[in-house]
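Below is one structure; the comments refer to it alone.
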Number of protein chains: 2
Amino acid sequence: MMKHAYDVYSDRCPTRQVLTRIADKWALLILDLLRAGPHRFSALHRRIHGISHKVLSQTLKKLERDGLVSRTAFPTVPVTVEYALTPLGTSLTGAVSAVAHWAESNMDAVAEAQRDYDARQDSGG
Amino acid sequence: MMKHAYDVYSDRCPTRQVLTRIADKWALLILDLLRAGPHRFSALHRRIHGISHKVLSQTLKKLERDGLVSRTAFPTVPVTVEYALTPLGTSLTGAVSAVAHWAESNMDAVAEAQRDYDARQDSGG
DNA sequence: CCGTATCCGCGAGGATACTG
DNA sequence: CAGTATCCTCGCGGATACGG
C-alpha cells in the first residue's frame with residue numbers, strides 16, 4: 001500500500017530538495033530551539049553560536065517558505081519579529097531534536113571510536 | 001540534573017562537529033539505507049542517486065571513524081567490501097530515518113506552503 | 001531591531017583517471 | 001569492485017554596510 005510516490009533516494013524527486021534543506025546543521029538547531037517556544041531573531045542569533053546574521057536570515061526564510069516556521073512582525077519601533085513553529089514544523093521537531101541530542105548523548109562513544117580509528121591508522125592497520 | 005556537559009549550541013563544543021557530520025544529506029541517506037542490512041559500496045552508490053564516487057567514499061570513511069558504520073573487506077577477487085551499522089550507528093537510525101521519511105510524508109504540505117508563500121510575494125504581501 | 005545586498009574567500013564535492 | 005589522488009568549479013556562508 002503506497003502512501004506516496006515520493007522517493008528521497010531519487011535525484012529528481014522534490015523530496016530531495018526538502019531533505020537538503022532540513023538535513024542542515026543550522027536548520028536543525030533553529031527547529032530544535034523553537035521547540036521551546038517563539039523566539040525573536042536576535043534571540044536565535046545569540047543562542048546559536050557561530051551562525052552569521054545573513055545565514056540565519058536565509059535559513060529562516062527557507063523554513064518559512066517550506067511552511068515549517070511562521071514569522072510574525074509586531075509594529076513596534078524598532079520592529080519586533082517572532083519566529084515560531086507551525087504545526088507542520090512541529091511534526092518534524094521530534095526527529096530533529098533526537099538527532100541534535102544524539103550528538104550530545106553519544107559524544108563520548110564517538111570520541112572513543114575516533115581514537116581507536118586513528119590508533120589503527122598509526123599502527124598501519 | 002545534567003547528564004552531560006556538552007552543548008551543541010556552542011561553537012567550541014566537539015558535539016558541533018559531530019552534528020555537522022550527521023546533519024548531512026548524504027550521511028542521512030547512507031545511514032537510512034544501512035538500516036535494511038549491510039550493503040556493498042557499489043550497492044550504496046547505485047541506490048543513492050546523485051552521490052559521486054568520491055563523496056560516498058569520504059562520507060563512509062567519516063562515519064566509520066565516528067564509529068557509526070563498520071567496514072568489512074572479504075578477500076575475494078576483486079575485493080568485496082560490506083558496510084554495516086554498528087550498535088552506535090543503530091542508535092541514531094531511528095531519528096535519521098524519521099527525518100528522511102518526513103520529507104516524503106509531508107512533501108504535499110511543503111509544496112502547498114511554498115505555493116502560498118510565493119503567491120504572497122507576487123501580490124506584494 | 002530586523003533584513004537584505006554586495007563582495008569574496010574557501011572548501012565541499014563532481015569528473016576523471018589510475019592503483020590494487 | 002573498491003579506493004585514492006588530482007584538478008577545478010561553484011555556491012555556501014562569513015564580513016560588512018546600508019535600508020526600513
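Residues meeting the ring pair (Phe, Tyr, Trp, His ring centres under 6.0 Å) test with F41(A), sequence neighbours left out: H53(A). Applying the salt bridge (Lys or Arg N to Asp or Glu O under 4.0 Å) rule to D7(A) yields no partners; only residues at least two apart in sequence or on another chain are considered. Listed by chain and number, the residues in a side-chain hydrogen bond (donor to acceptor under 3.5 Å, both in side chains) with Y9(A) are D32(B) (sequence neighbours excluded). A search for side-chain hydrogen bond (donor to acceptor under 3.5 Å, both in side chains) contacts involving D24(B) returns nothing, not counting sequence neighbours. Every residue two or more places apart in sequence or in another chain that forms a salt bridge (Lys or Arg N to Asp or Glu O under 4.0 Å) with D11(B) is listed here: R16(B). A search for side-chain hydrogen bond (donor to acceptor under 3.5 Å, both in side chains) contacts involving T76(A) returns T80(A), not counting sequence neighbours.
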Tabulate protein N/O versus nucleotide N/O from nucleotides 15-20 of chain D, keeping only pairs under 3.5 Å, one per line.
none

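Rounded to the nearest 0.5 Å, atoms NE2 (H39(A)) and NE2 (H45(A)) are 14.5 Å apart.
Using a 4.0 Å cut-off, some side-chain N or O of Y83(B) falls inside it from OP1 or OP2 of dG3(D).
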- prompt: Checking side chain to side chain contact (heavy atoms under 4.5 Å, CB included) for the pair L44(A)/L60(A): CA distance, chi angles, key distance, verdict?
  reply: CA-CA 10 Å; L44(A) 291 171; L60(A) 283 169; 4.0 Å; yes
query: What's the verdict on side chain to side chain contact (heavy atoms under 4.5 Å, CB included) for Q114(A) and D66(B), showing C-alpha distance, side-chain angles and the deciding distance?
result: CA-CA 5 Å; Q114(A) 291 176 348; D66(B) 287 351; 2.8 Å; yes
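The minimum heavy-atom distance linking L31(A) with T93(A) is given by the pair O-CG2, 3.7 Å.
Residue pairs meeting the ring-ring contact (aromatic ring centres under 6.0 Å, His included) criterion with at least one partner in residues 78-104 of chain A, sequence neighbours excluded, do not occur; the list is empty. Counting only residues at least two apart or in different chains, salt bridge (Lys or Arg N to Asp or Glu O under 4.0 Å) contacts with residues 44-64 of chain A are absent.
Residues from residues 33-48 of chain B lying near DNA chain C, meaning a heavy-atom separation below 4.0 Å, are absent. Within residues 11-31 of chain A, the residues having any heavy atom under 4.0 Å from DNA chain D are, by residue number, W26(A). The stretch residues 56-74 of chain B has no heavy atom under 4.0 Å from DNA chain C, so no residue of it qualifies as close.
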